[in-house]
There are 2 protein chains.
Amino acid sequence: MTGAGTARPGARATTARDLAEHLGISVSTVGRALSDDPRISAPTRARVQALAAELGYVANRSARMMRGAPSTVVGLIVPDVRNSFFTSVAHALGHLLGTRRHQLVLCETADDRRTELQHVRDLVAAQVAGVVLVPSSAPDPETVRLLGTVPHVQLMRRVPELAPHWFGVDDHDLVRQATDHLLAAGHTRIGYVGGTAEVPTGAARRDGYRDALRDAGVAALPEHERVGPPSSTEQGGPTFGAAALRDLLSLPDRPTAVVTGSTQITRGVLAAATALRLAVPHDLSLVGFGDEPGFGWWGAGLTTVTLPVTDLATGCGAWLLGLLADPDLAADPHASVTRGALTLRGSVGRPSTVSWR
Amino acid sequence: MTGAGTARPGARATTARDLAEHLGISVSTVGRALSDDPRISAPTRARVQALAAELGYVANRSARMMRGAPSTVVGLIVPDVRNSFFTSVAHALGHLLGTRRHQLVLCETADDRRTELQHVRDLVAAQVAGVVLVPSSAPDPETVRLLGTVPHVQLMRRVPELAPHWFGVDDHDLVRQATDHLLAAGHTRIGYVGGTAEVPTGAARRDGYRDALRDAGVAALPEHERVGPPSSTEQGGPTFGAAALRDLLSLPDRPTAVVTGSTQITRGVLAAATALRLAVPHDLSLVGFGDEPGFGWWGAGLTTVTLPVTDLATGCGAWLLGLLADPDLAADPHASVTRGALTLRGSVGRPSTVSWR
DNA sequence: TTGAAAGCGCTAACAA
DNA sequence: TTGTTAGCGCTTTCAA
């Protein structure tokens, strides 16, 4: 017996030619029957389709693409899927693509340009239809050139070398709101722990922090500002965030509140605060960035900048699909800023006058 | 000027033939030069490679595959990437594949067989080299047949229809440990909220719970056992977990402790417990399943069954790569059980005699 | 050391 | 209504 599941992996896949020979007809008739070409007689079509179903025929995409069939693959390039923001993006994009029978190739860069280039090369070789990417701080020129061939959209971060299509949030404003919130609660010694200014969003967020202080007439102390790798690389994200918080707290004029500038860094800061057994908001007020599941139940709840993840991802994906359908859309730059908001929970209070430890 | 990034997406990609014409040589020479064939003279090779670099030539994968080149694409089929367990798997697998210049196609099924079949069809059409999948409870026969063509490994869940290669954990033992831990703390009215028994892991975990009670000589009350969709579908996971906890607590002989049987369900249970302002472990002891970031800082810390995610994913990926390199490995079944463990934190205490509310 | 030609599986123009 | 043929871009004989 040759039941289902018996086909050995070694077995050559069934081709249109196999079907043709089995039925004693030509390959083109098979092709037409399978594509429901009206010119084919009903009985022939039925016979072909029946055999195709029986033999589990699946047309070879490579062959189709060589004949000019459009690619159904979209690349998603992110620093790290474990960051829940990017996870959500992958989910939303995958869902959107799935409904159109497109496929999602997931690529992680760890914010490394070499890795990024590698992925872009492979995507281009695979003839991807389009790419959604969170670019690294300074993409390799080769990356830039290769992407010149492929429709693409930038997500969150925006670098001028790539196509002027971008979906993101108002980073400056978001961190500014976060800082304003702490200022309004009476804090003046406010620390900032965020991503390096090399990354575009890093610079914008840090400036949001600085501008909030400046406009409030509060002196910004350089030692209260800590920047490092935003994602989860070797020394990145959580590790950096944790170390930075410890540093800030060991300062003579330690801050009474801290704003963070990336999700992974926020994780690290929370981990350090937990380890140090800080009483938040009594010992320290905190405003996070991003909204991981769990931020809501950290201590009395983390007050944090919430990003409209799903909207962003869906919008970005939908626009890319539109672009694939009509390449002329690439002509005029499309930038979309989705609004985020401060989610108020329990990690912000008035500055305590009690000295620490 | 025609600098980098100027190439319009419309532009046809550079082919080996283009290179050949530019240089006034044949396509075959170009191909050989690019693959560092020793028969080609050094100067020719240099000229070809220089031009290729200049024009940003990238060989067409489809054409290569038509010539029999092995596929570099591996499919990963999971219920939902937002589940941090699967996120980790995607990350680990992606990393492993990246080092070998392979690509990862991410597919989400939401535990739906139709969706699963769709993805498998598309993967087979794309000539994937292999597939890692968390199968749905009862894969479509067509899915089974299609996968018969492709090397694949099952992850976490195991269904007999597919290839006998599986990487997972000892579900039964894990939940049994969790339940034993509660029994040891003195609980006898222990509730269970987990995935349906239709999913293989669901059955094993529930049996772990039942067997622990039985062996302890504790009567298992049917109304203390709640099963539903394990992942995040419409009515699944978090929503179900939350509703189930509320139900359990409204029982006349409500449980003094609850064990959960899936990460998403655990999330829901935690959300409900938070919303109900339960004092854990005073009002209720809890042992979770899986270890999302954040479980550690939920309340006094959630005692939970921790899975060796990275090990599992890496092991699974490495084995698949081995299989791709040597298809003969498919001959003998490979099942690998990675050990998990109970991570003790603060959500388990002795049963309270205080009546509730 | 290089070139010419065939062919992978499919689709589409052209014939019949 | 169906068949024949050419060709997508690449690799790989076979010739030179």
Side-chain angles (χ1 to χ4, degrees), chain A residues 10-49 51-52 55-73 121-122 124-129 149, chain B residues 10-49 51-52 55-73 121-122 124-129 149:
Chain A
R12 195 178 54 76
T14 308
T15 73
R17 188 175 167 165
D18 295 334
L19 301 183
E21 287 176 353
H22 271 250
L23 295 169
I25 59 179
S26 77
V27 240
S28 19
T29 303
V30 169
R32 287 193 272 250
L34 290 172
S35 62
D36 282 320
D37 190 305
R39 291 175 298 181
I40 298 299
S41 72
T44 307
R45 191 184 321 175
R47 290 201 314 147
V48 173
Q49 297 190 345
L51 186 66
L55 265 48
Y57 169 78
V58 180
N60 186 320
R61 274 223 80 72
S62 296
R64 282 203 164 150
M65 288 185 53
M66 294 223 29
R67 291 289 317 174
S71 164
T72 58
V73 175
R121 274 221 185 87
D122 293 339
V124 169
Q127 322 282 121
V128 280
T149 318
Chain B
R12 196 177 54 75
T14 307
T15 73
R17 187 176 169 165
D18 295 334
L19 300 182
E21 287 177 353
H22 272 250
L23 296 169
I25 58 179
S26 77
V27 241
S28 15
T29 303
V30 170
R32 288 193 272 250
L34 292 172
S35 63
D36 283 319
D37 190 305
R39 291 175 299 180
I40 297 299
S41 71
T44 307
R45 188 185 325 176
R47 289 201 315 147
V48 173
Q49 297 190 345
L51 186 65
L55 266 46
Y57 169 78
V58 180
N60 186 321
R61 275 223 81 74
S62 296
R64 280 201 165 150
M65 288 183 54
M66 293 221 34
R67 292 287 317 172
S71 165
T72 57
V73 175
R121 274 221 185 88
D122 293 340
V124 169
Q127 323 280 120
V128 280
T149 318

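The sequence lines fix the lettering, A, B, ..., with proteins before strands; numbering per chain opens at 1.
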Participant: Nearest whole angstrom, please: distance from the P of C:dG9 to the CD of A:E21.
Facilitator: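 Interatomic distance, CD of A:E21 to P of C:dG9: 11 Å.
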
Participant: Return the 5'-most residue of the pair B:R45, B:M66 with respect to DNA chain C, ranking by each residue's nearest nucleotide.
Facilitator: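 Counting from the 5' end, the first nearest nucleotide belongs to B:R45.
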
Participant: Measure the distance from CE on B:M65 to P on D:dT12 and round it to the nearest whole Å.
Facilitator: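 So the two atoms are 15 Å apart, to the nearest Å.
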
Participant: Listed by chain and number, what are the side chain to side chain contact (heavy atoms under 4.5 Å, CB included) partners of B:V58, not counting sequence neighbours?
Facilitator: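 Once residues adjacent in sequence are excluded, the partners of B:V58 under the side chain to side chain contact (heavy atoms under 4.5 Å, CB included) criterion are A:V124, A:A125, A:L146.
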
Participant: Using whole Å, report how far CG of B:L19 lies from P of D:dC10.
Facilitator: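 In whole Å, D:dC10 P and B:L19 CG are 8 Å from each other.
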
Participant: Restricting to pairs with a member in residues 16-29 of chain B, which pass salt bridge (Lys or Arg N to Asp or Glu O under 4.0 Å), not counting sequence neighbours?
Facilitator: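 Passing the test, one end in residues 16-29 of chain B: B:R12-B:D18, B:R17-B:E21.
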
Participant: Phosphate oxygens OP1/OP2 of D:dC10: is one of them under 4.0 Å from a side-chain N or O of B:R17?
Facilitator: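 It does not, given that no N or O in the side chain of B:R17 lies less than 4.0 Å from OP1 or OP2 of D:dC10.
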
Participant: Please answer whether the main-chain N or O of A:I40 pairs with a side-chain N or O of A:R45 as donor and acceptor at a distance below 3.5 Å.
Facilitator: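 Yes, because the side chain of A:R45 sits within donor-acceptor range (under 3.5 Å) of the backbone of A:I40.
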
Participant: Taking B:S71 for its side chain and B:Q127 for its backbone only, find out whether a donor-acceptor pair lies under 3.5 Å.
Facilitator: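 A pair under 3.5 Å: yes.
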
Participant: Pick the nucleotide of DNA chain C nearest each of A:R67 and B:G24; which residue has the one closer to the 5' end?
Facilitator: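 Per heavy-atom nearest nucleotide, the more 5' residue is B:G24.
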
Participant: If you compare all heavy atoms of B:L34 against all heavy atoms of B:Y57, which two are closest, and at what distance to 0.1 Å?
Facilitator: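 B:L34 and B:Y57 have their closest heavy atoms at CD1-CE2, 3.4 Å.
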
Participant: What is the separation between atom CD on A:Q127 and atom P on D:dG9, rounded to the nearest whole Å?
Facilitator: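 To the nearest whole Å, that distance equals 9 Å.
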
Participant: For residues 27-44 of chain A, which residues have at least one heavy atom under 4.0 Å from DNA chain C?
Facilitator: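 Output list: A:S28, A:R32.
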
Participant: Say you draw a straight line from OG1 of B:T15 to CG of B:N60; how long is it, rounded to the nearest 0.5 Å?
Facilitator: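 It is 9.0 Å, given to the nearest 0.5 Å.
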
Participant: Taking any heavy-atom pair under 4.0 Å as a contact, classify B:A69: base, sugar-phosphate, or nothing.
Facilitator: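 B:A69: no heavy atom of the nucleic acid under 4.0 Å.
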
Participant: So does A:Y57 get a side-chain nitrogen or oxygen closer than 4.0 Å to the phosphate oxygens (OP1/OP2) of C:dG9?
Facilitator: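 For A:Y57, the contact criterion (side-chain N or O under 4.0 Å from OP1 or OP2 of C:dG9) is not met.
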
Participant: In whole angstroms, how far is the P atom of C:dG9 from the CG atom of A:D18?
Facilitator: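 Between P of C:dG9 and CG of A:D18: 8 Å.
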
